**Q** 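One structure follows; several queries about it will come next.
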Amino acid sequence: MNQNLETRFAAARSAFISKQFRLNPMQLQACMATEGPLLLLAGAGSGKTTVLINRVANLLRYGCASDSAEVPVGISEGDMERLKAALRGEGSADEDIHRLCALRAVKPWQVLAITFTNKAAGELKERLAAKLGPEANDVWAMTFHATCARILRRDADRLGFGKSFTIYDSADSQSVMKRVLKELELDEKSFPPRQVLAACSRYKGALLTPDEFVAQEERSGDIRRKRTAMACAAYAKRLKDADAMDFDDLIYFAVILLRDCQEVREYYQQKFRYVLVDEYQDTSHLQYELCKLLSGGYRNLCVVGDDDQSIYKFRGATIENILSFQKEYPDARVIRLEQNYRSTGNILDAANAVIANNTARMGKNLWTQAGKGELLYEYVAMSEDDEADFVARTIQQSGRSPKDFAVLYRTNAQSRSIEQALKRRKINYRIFGGTRFFDRAEVKDILAYLCTVANPTDETRLLRILNNPPRGIGAAGVEKAQTLARREEKPLFDILRNATVFPELGRSAGRMQEFADMITGLQNDLAQGMPLDEFYDKLIEKSGYIRALEDKHSDEELARIENVHELKSSIVKSVEENQGGDLYAYLDEVALYSDIDNYDENAECTVLMTMHAAKGLEFPVVFIVGADDGLFPSALAIGDQSEMEEERRLCYVAITRAKERLYICEASQRMLYGRTNSYIRSRFIDEIPPELLESHDLRSRRQAESRCYEERDAYAPRPKQRTGGYASSTVRVTPPKSAAAKPKTVLSTPAVPDYKVGDLVEHSAFGVGTIAKLTPMGGDALVEISFEGVGTKKLMLRVAAQHMKKK
DNA sequence: ATCATAACGCTTTTT
DNA sequence: GCGTTATGAT
């Protein structure tokens with residue numbers, strides 16, 4: 001009717017909605033651009049999560065109103081006046097005004113927000129609940145894997161899985177693969193399980209079936225590739241028979257389900273009006289397919305990411321997803337968030353300078369209104385212990401709370417020296433990424449019991465507990481039962497359940513039967529609705545697990561018993577948190593749980609973690625330790641352009657974790673893999689403009705004092721511009737017995753006996769043999785000795801020499 | 001069944 | 001250097 005009124009109303013409405021959010025102009029745009037595909041390039045510390053929260057709030061409150069010219073029918077001048085009054089701030093904007101401004105408001109369960117880590121999902125949920133109240137709990141905010149698990153739990157039967165399928169963690173995958181390789185008689189050395197599993201990931205990423213993959217690899221004519229593919233296929237069959245899925249499978253089968261099953265696809269495409277994907281730069285091809293399928297109904301797909309923070313290529317992430325989003329969605333809008341609210345100017349300048357060396361970028365420059373702040377601080381230590389003590393000392397002398405500090409390193413192995421130093425100075429700390437609680441043997445045992453009750457078809461978990469605690473079922477008996485299972489083409493559990501029927505099982509039969517009856521009994525208890533905590537106690541009782549531990553009373557067993565009890569509290573907690581949570585929900589949660597998830601920012605602890613784990617976190621003061629070339633960047637990446645760029649992105653992530661102060665530490669010598677190496681400063685430090693960096697390099701002094709030392713070239717300044725081929729020169733392995741080596745090293749290690757090729761030796765275990773080959777390795781040597789009647793053995797000379805003599 | 005010894009490999013990073 | 005695994009001895 002009144003065109004003019006409608007236009008004015010839409011404009012006023014938009015103005016009103018934008019006043020509901022306290023955001024900067026770019027953030028506001030991102031929050032209000034609700035319709036259609038949107039690429040949100042959010043730099044580190046640019047308030048990305050805040051935008052996500054507000055965006056969801058906007059959707060729930062006002063629907064598509066902020067991004068639409070459409071006006072409800074029957075708008076009057078009176079409505080217009082009320083809206084204008086509200087805009088001027090006259091009278092409080094009551095519910096009426098909000099309702100007036102809403103256009104097809106969205107229900108919480110129509111929003112899907114996918115994250116990478118449980119921690120990110122948890123933060124999202126928490127902040128949504130704080131802003132929106134309990135209705136926020138119905139928003140689907142979860143990780144990729146949890147999303148897929150939830151979808152599959154509903155419809156996995158359409159793919160031939162049971163609904164109570166088991167989720168395998170990487171350790172499970174590894175052990176299944178090892179067994180598969182053994183059965184196919186493939187040597188683990190020429191077919192490393194890790195690599196075969198990587199091949200599995202690849203075919204799943206290409207959405208091939210195992211058979212298609214085998215056919216494809218057959219065509220390559222390469223026998224190795226063919227065998228690898230066959231192992232992959234056998235592994236897939238194994239999992240299917242066990243009614244189990246690994247991490248990759250969750251995504252893979254979810255995509256297949258959505259792709260092939262119209263009914264399911266349409267259900268979710270109708271359901272999810274808005275899909276948001278966080279950390280889009282870390283998505284794999286498969287995850288991209290998943291996002292496309294899930295958002296295919298309304299096409300309201302908002303992806304948030306930072307191409308400069310893509311650090312999971314090794315896990316199949318492809319930066320192409322974000323780089324080509326605009327190609328895939330030509331109508332996509334792109335919004336950049338470049339204002340940083342986290343770090344000081346100097347820290348940001350350093351981060352920008354480092355990342356500028358990358359070529360595969362969309363281009364983006366963070367800026368801040370904050371002041372320059374303090375300079376970055378470089379500390380060059382003599383050893384890793386010196387480095388660690390510098391960290392501890394600095395924390396101790398700072399007068400700040402230990403929780404203000406984070407120590408970031410490239411590999412988990414680096415945590416030990418830091419840990420010791422902090423312990424010495426009595427600084428509270430917490431490490432992430434070591435052995436997770438859920439990875440402890442006793443916890444895995446109990447979880448295996450729970451999994452077996454939930455899904456007895458799963459052989460991996462069943463075998464773990466069948467004779468644990470010992471109940472007199474020997475390896476031979478298990479073997480026989482497995483053979484029977486294969487012959488009858490039935491799950492192993494079926495054989496155990498009817499064990500007494502098979503005479504060939506001999507004495508084990510009764511015990512197997514007993515075991516199976518116990519599991520069946522527990523299943524019945526669960527089916528009859530026994531509360532989980534009571535069920536847990538009964539399981540512990542019936543299995544005799546704790547009883548077996550109690551029989552020995554060492555400290556270790558006591559700690560284990562503690563852990564078994566702690567697991568119970570974890571179950572109780574989970575049930576409380578997700579009301580009505582059953583055993584399956586708990587097992588899903590555990591399977592997809594990671595260490596970082598229970599990071600408590602309020603604990604009075606300094607935090608130690610890898611740079612990868614630190615993504616998404618921030619700390620007032622950050623130490624980057626181990627900034628040595630060959631360690632960071634990793635020696636494996638040096639020489640490869642794209643891997644170097646990934647390392648550099650990791651460096652960018654690490655630098656931008658710091659709010660106020662950044663220390664970068666390196667050690668000119670450090671022990672790694674039991675060997676002392678010399679290192680030079682990371683090339684990434686060279687990429688930081690020197691004026692941003694306060695350098696405490698004691699080397700220059702030392703160098704002046706000891707000009708005569710031959711080793712000093714390890715400390716020589718590096719040429720600024722380098723051409724390729726530096727891989728071998730970067731990490732210098734200290735020559736074991738060269739003139740320059742420290743006498744200490746020589747004294748602490750016994751001299752390597754003087755053997756040479758052709759020598760006849762007698763070994764206490766292998767008998768008489770001839771040395772066929774000698775390969776010097778570090779301070780030791782690899783010897784190949786061909787023993788009479790035993791064959792050729794590869795031994796480390798230093799160890800072997802203790803058991804043999806020359807003949 | 002449990003322990004002891006020796007070999008081996010691992011160090012990228014996570015769901 | 002350390003932890004895991006394989007093997008063999010008790």
Side-chain angles (χ1 to χ4, degrees), chain A residues 114-121 142-149 167-175 178 182 188-189 192-194 201 245-251 279 282-284 286-287 310-317 384 408-417 432-436 438 441 467-475 548 552 588-597 609-615 626 630-638 643 646-647 649-650 653-654 670-676 763-766 777-778 782 793-796 798-800 802-803:
Chain A
I114 310 181
T115 64
F116 251 82
T117 61
N118 295 305
K119 180 172 185 308
M142 53 186 101
T143 64
F144 269 104
H145 291 86
T147 307
C148 291
I167 299 174
Y168 278 0
D169 63 20
S170 344
D172 296 321
S173 302
Q174 195 103 7
S175 80
K178 276 185 183 168
K182 199 172 268 174
E188 271 190 30
K189 260 146 230 153
R194 285 177 66 104
S201 295
M245 297 194 200
D246 65 18
F247 288 142
D248 286 338
D249 287 337
L250 289 176
I251 318 274
E279 307 282 13
D282 287 331
T283 51
S284 65
L286 219 43
Q287 287 163 333
S310 158
I311 52 173
Y312 285 112
K313 197 180 109 188
F314 70 94
R315 201 170 70 182
E384 67 216 296
L408 309 182
Y409 35 77
R410 182 66 236 271
T411 66
N412 281 310
Q414 288 165 260
S415 66
R416 187 173 307 143
S417 55
F432 294 90
T435 337
R436 303 178 319 160
F438 292 107
N467 194 35
N468 176 11
R471 36 176 81 87
I473 303 176
K552 326 171 172 184
D588 278 0
E589 199 182 308
V590 169
L592 302 174
Y593 174 92
S594 91
D595 207 31
I596 191 82
D597 297 337
M609 60 173 83
T610 64
M611 301 181 200
H612 280 89
K615 195 167 75 159
L631 205 82
F632 184 47
S634 151
L636 300 165
I638 292 173
E643 289 206 43
E646 174 130 327
E647 294 279 310
R649 290 192 291 269
L650 187 56
V653 168
R670 67 172 69 236
M671 175 117 76
L672 204 61
Y673 323 133
R675 186 147 288 132
T676 302
H763 191 278
S764 57
F766 305 122
M777 281 178 124
L782 178 77
K793 296 272 170 202
K794 287 181 185 172
L795 308 164
M796 290 315 288
R798 206 165 257 167
V799 181
Q802 292 166 25
H803 309 280

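A note on names: the letters A, B, ... follow the listed sequences, proteins ahead of strands, and every chain is numbered from 1. As the structure is a prediction and not an experimental result, all values here were calculated from the model.
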**Q** Identify, between Pro470(A) and Leu636(A), the residue whose nearest nucleotide on DNA chain B lies closer to the 5' end.
**A** Pro470(A)
**Q** Would you kindly give the CG-to-P distance between Asp249(A) and dT14(B), to the nearest whole Å?
**A** 21 Å
**Q** Considering residues at least two apart in sequence or located in another chain, which fulfil the side chain to side chain donor-acceptor pair (under 3.5 Å) criterion with Tyr409(A)?
**A** none
**Q** Mind checking Met671(A) for me? I need base, sugar-phosphate or nothing, with any heavy atom below 4.0 Å counting as a touch.
**A** sugar-phosphate
**Q** Hey, does Phe144(A) reach any base, or is it just sugar-phosphate, or nothing, if we go heavy atoms under 4.0 Å?
**A** nothing
**Q** For Phe632(A), answer base if it contacts any base atom (sugar-phosphate contacts may also be present), sugar-phosphate if it contacts only those atoms, and nothing otherwise; contact means non-hydrogen atoms under 4.0 Å.
**A** nothing
**Q** Name the nucleic acid region contacted by Gln414(A), choosing base, sugar-phosphate or nothing; use a 4.0 angstrom heavy-atom cut-off, strictly under.
**A** nothing
**Q** Would you kindly give the CG-to-C1' distance between Leu250(A) and dT15(B), to the nearest whole Å?
**A** 9 Å
**Q** According to side-chain contact (heavy atoms from CB on, under 4.5 Å), who are the partners of Ala146(A), at least two apart in sequence or on a separate chain?
**A** Met142(A), Thr143(A), Leu592(A)
**Q** Could you state the atom-to-atom distance from CD of Glu646(A) to P of dT14(B) in whole Å?
**A** 13 Å
**Q** When the distance from NE2 of His612(A) to P of dT15(B) is rounded to whole Å, what number comes out?
**A** 11 Å
**Q** Could you pull out all residues at least two apart from Arg670(A) that satisfy salt bridge (Lys or Arg N to Asp or Glu O under 4.0 Å)?
**A** Glu387(A), Asp628(A)
**Q** Can you work out whether Glu643(A) or Ser170(A) has the more 5'-proximal nearest nucleotide on DNA chain B?
**A** Glu643(A)
**Q** Could you state the CZ-P distance from Phe432(A) to dT15(B), rounded to the nearest angstrom?
**A** 12 Å
**Q** Which residues pass the side chain to side chain donor-acceptor pair (under 3.5 Å) test with Glu384(A), not counting sequence neighbours?
**A** none
**Q** Could you tell me from which nucleotide to which nucleotide of DNA chain C, 5' to 3', there is an atom under 4.0 Å from chain A heavy atoms?
**A** dG1(C) to dC2(C)
**Q** Please enumerate all residues that pass salt bridge (Lys or Arg N to Asp or Glu O under 4.0 Å) together with Asp249(A), with sequence neighbours excluded.
**A** Lys204(A)
**Q** Measuring to OP1 and OP2 of dT15(B), would you say a side-chain N or O of Ser284(A) lies under 4.0 angstrom away?
**A** no
**Q** From Arg649(A) CZ over to Lys615(A) NZ, what is the distance, rounded to the nearest 0.5 angstrom?
**A** 10.5 Å
**Q** For the pair made of CG in Asn412(A) and P in dC10(B), what is the distance, rounded to whole Å?
**A** 16 Å
**Q** Under 4.0 Å, counting only non-hydrogen atoms across every strand here, what does Glu279(A) touch: a base, just sugar-phosphate, or nothing?
**A** nothing
**Q** Write down the distance between CG (Asp248(A)) and C1' (dT14(B)), rounded to a whole number of angstrom.
**A** 11 Å
**Q** Looking at CZ of Phe144(A) and CG of Asp282(A), how far apart are the two atoms once the value is rounded to the nearest 0.5 Å?
**A** 9.5 Å
**Q** Nearest to the side chain of Asn467(A), heavy atoms from C-beta on, is which of dT15(B), dT13(B), dA1(B)?
**A** dA1(B)
**Q** Nearest whole Å is fine: how far is dT13(B) C1' from Met611(A) CE?
**A** 10 Å
**Q** So His612(A) and Phe314(A), would you call those rings parallel, tilted or perpendicular, with 30° and 60° as cut-offs?
**A** perpendicular
**Q** Do Phe314(A) and the base of dT13(B) stack face to face, with centres under 5.5 Å apart and an angle between planes under 30°?
**A** yes
**Q** Heavy atoms from C-beta onward define the side chain here; which of dT14(B), dT13(B), dT15(B) lies closest to that of Ala613(A)?
**A** dT14(B)
